[in-house]
Amino acid sequence: MKALDELTFDNRFARLGDAFSTHVLPEPLDEPRLVVASKAAMALLDLDAAVAETPVFAELFGGHKLWAEAEPRAMVYSGHQFGGYTPQLGDGRGLLLGEVYNEAGEHWDLHLKGAGMTPYSRMGDGRAVLRSSIREFLASEALHALGIPSSRALCVIGSSTPVWREKQERGAMVLRLAHSHIRFGHFEYFYYTKKPEQQVELAEHVLNLHYPECREQPEPYLAMFRKIVERNAELIAKWQAYGFCHGVMNTDNMSILGITFDFGPFAFLDDFDAHFICNHSDHEGRYSFSNQVPIGQWNLSALAQALTPFISVDALKEALGLYLPLYQAHYLDLMRRRLGLTTAEEDDQTLVESLLKLMQNSGVDYTLFFRRLGDESAALAVARLRDDFVDMAGFDAWAELYKARVARDGDYTQEQRRERMHAVNPLYILRNYLAQNAIAAAEAGDYSEVRRLHEVLCKPFEEQTGMEQYAQRPPDWGRHLEISCSS
Ligand code: AMP
Ligand code: MG
């Protein structure tokens, strides 16, 4: 374990120079205080959880202090937002403080969000509010615990700094960790500004640091693009299988590593609803739950366009063609597991689709359904679940197919089945209303609920005594909460 001042920096991105980022110092928050820290994320930096409680921790991550080796930089990028190209975006309120490597030799970007104005702030104030910082923190760590690749969050630091959104709120900072903060939009920026030399530098940087195995391939850039396609297909399959709605899949929010990145008005589904739109400014439903699948491909095509100086259009098209089949295979595999199946049959896709249709029509809770399905033998579980469905006859018909399918699947005890299913079907997810409760308490100065919720979400598959209230459907007020996209 290390003390806070013993972090070892190696700022590889900063070394790319001023064409890629600008030196900016964080603007400190008034009266910084720890809201919540993630023990697991701290361990990634070899930090003992206890240091989070020391004043210097809040000073460092509240923008008051910096390590001598940190080189805070605002990165420049651009991107397609809601389908239209915005020529210049960039870190308008976040700073890459530097890259730290841990004892295992892993590099982690330390990115401080809400750190004040930068040359890329446009009309913004460079700040982030407590509400959105808590949401990003909880979601990053919850997704990770579910096995869904995501940027991580080390801590949230609160303050007394006033920040204006729809009303006056308080400023906060979240310290985000990722192996890279490079987005599709980085490549788009250098492509559309016609800076081929920098684009090569960027591609070489990503290839060397994040896809070194592609060097061995006859066309390393193409191999790297294929990997990015694969990782995104897998990521989005996981979102769909677990009911995660990102909300703002603009290409500047898509990571080159295929991790969940840049949280805004995201949501986990309560009731299953394929058409769910979590971002209330998304009037067209461009980023609705089911649209995430084709939008994933659209975003990859935008990246492909930016790579046309290096890779032939035919090769790019062929690589893009991998996306849907990979997505489908991965998604079906996950859904089979969620249903407790260990083998594959051709009709499994129909089994999944017909179940989702029934759930959609009856507004069945997406998370609890699968959890309960594993609680007892297939026959008993479906008998118990049937009351949740308006179309009981339809559900009975599905249940007959399911029971027969389970019977053909293999010879295992109910105990084995339950264990296997509970290991992939969470009991606790970050429901919007749970986040909302924790935020309301935190805004009133009580951080205990954020901390408790975070602890519960770190072990989503494990039943935790005394935590039943976190495994319930939302109360009426907490259903279909509109999440403001201001943050
Ligand atoms: P986002 O929707 O959070 O992905 O942000 C899109 C762009 O707006 C990025 O360039 C952000 O850095 C920038 N941005 C968002 N909020 C602010 C803010 N309050 N101040 C400055 N820039 C911001
Ligand atoms: Mg963004």
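We count residues from 1, following the sequence as given. When reading the values below, keep in mind they use all heavy atoms of this one structure, side chains included, and skip hydrogens, waters and symmetry mates. Both counts, for ligands and for their atoms, begin at 1 and track the order of listing.
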Is a salt bridge present between [X] and [Y], judged by a nitrogen-to-oxygen distance below 4.0 Å?
X: R451; Y: D446; result: no
X: D109; Y: R176; result: no
X: E449; Y: R452; result: yes
X: R15; Y: E71; result: no

**Asked** So, Y366 versus Q360: side-chain donor-acceptor pair below 3.5 Å or not?
**Response** no
Taking side chain as C-beta onward, heavy atoms only, is [X] less than 4.5 Å from [Y]?
X: Y120; Y: T22; result: yes
X: E284; Y: I277; result: no
X: P309; Y: Q199; result: yes

**Asked** Which residues and atoms, counting only protein N, O or S, are under 2.8 Å from the Mg ion (ligand 2)?
**Response** N253 OD1, D262 OD2
Taking a 3.5 Å cut-off between nitrogen or oxygen atoms, can you list every pair linking ligand 1 to the protein, with distances?
from: ligand 1; atom 1: 4 (O); to: N253; atom 2: OD1; distance (Å): 3.0
from: ligand 1; atom 1: 4 (O); to: N253; atom 2: ND2; distance (Å): 3.4
from: ligand 1; atom 1: 4 (O); to: D262; atom 2: OD2; distance (Å): 3.4
from: ligand 1; atom 1: 8 (O); to: R122; atom 2: NH2; distance (Å): 3.0
from: ligand 1; atom 1: 10 (O); to: G90; atom 2: O; distance (Å): 2.6
from: ligand 1; atom 1: 12 (O); to: G90; atom 2: O; distance (Å): 3.1
from: ligand 1; atom 1: 12 (O); to: G92; atom 2: N; distance (Å): 2.7
from: ligand 1; atom 1: 16 (N); to: R93; atom 2: NE; distance (Å): 3.3
from: ligand 1; atom 1: 19 (N); to: D125; atom 2: OD1; distance (Å): 3.0
from: ligand 1; atom 1: 19 (N); to: R127; atom 2: O; distance (Å): 3.3
from: ligand 1; atom 1: 19 (N); to: R165; atom 2: NH2; distance (Å): 3.4
from: ligand 1; atom 1: 20 (N); to: D125; atom 2: N; distance (Å): 3.2
from: ligand 1; atom 1: 20 (N); to: G126; atom 2: N; distance (Å): 2.8

**Message:** In terms of relative ring orientation, are F82 and Y287 parallel, tilted or perpendicular, with 30° and 60° separating the classes?
**Reply:** tilted
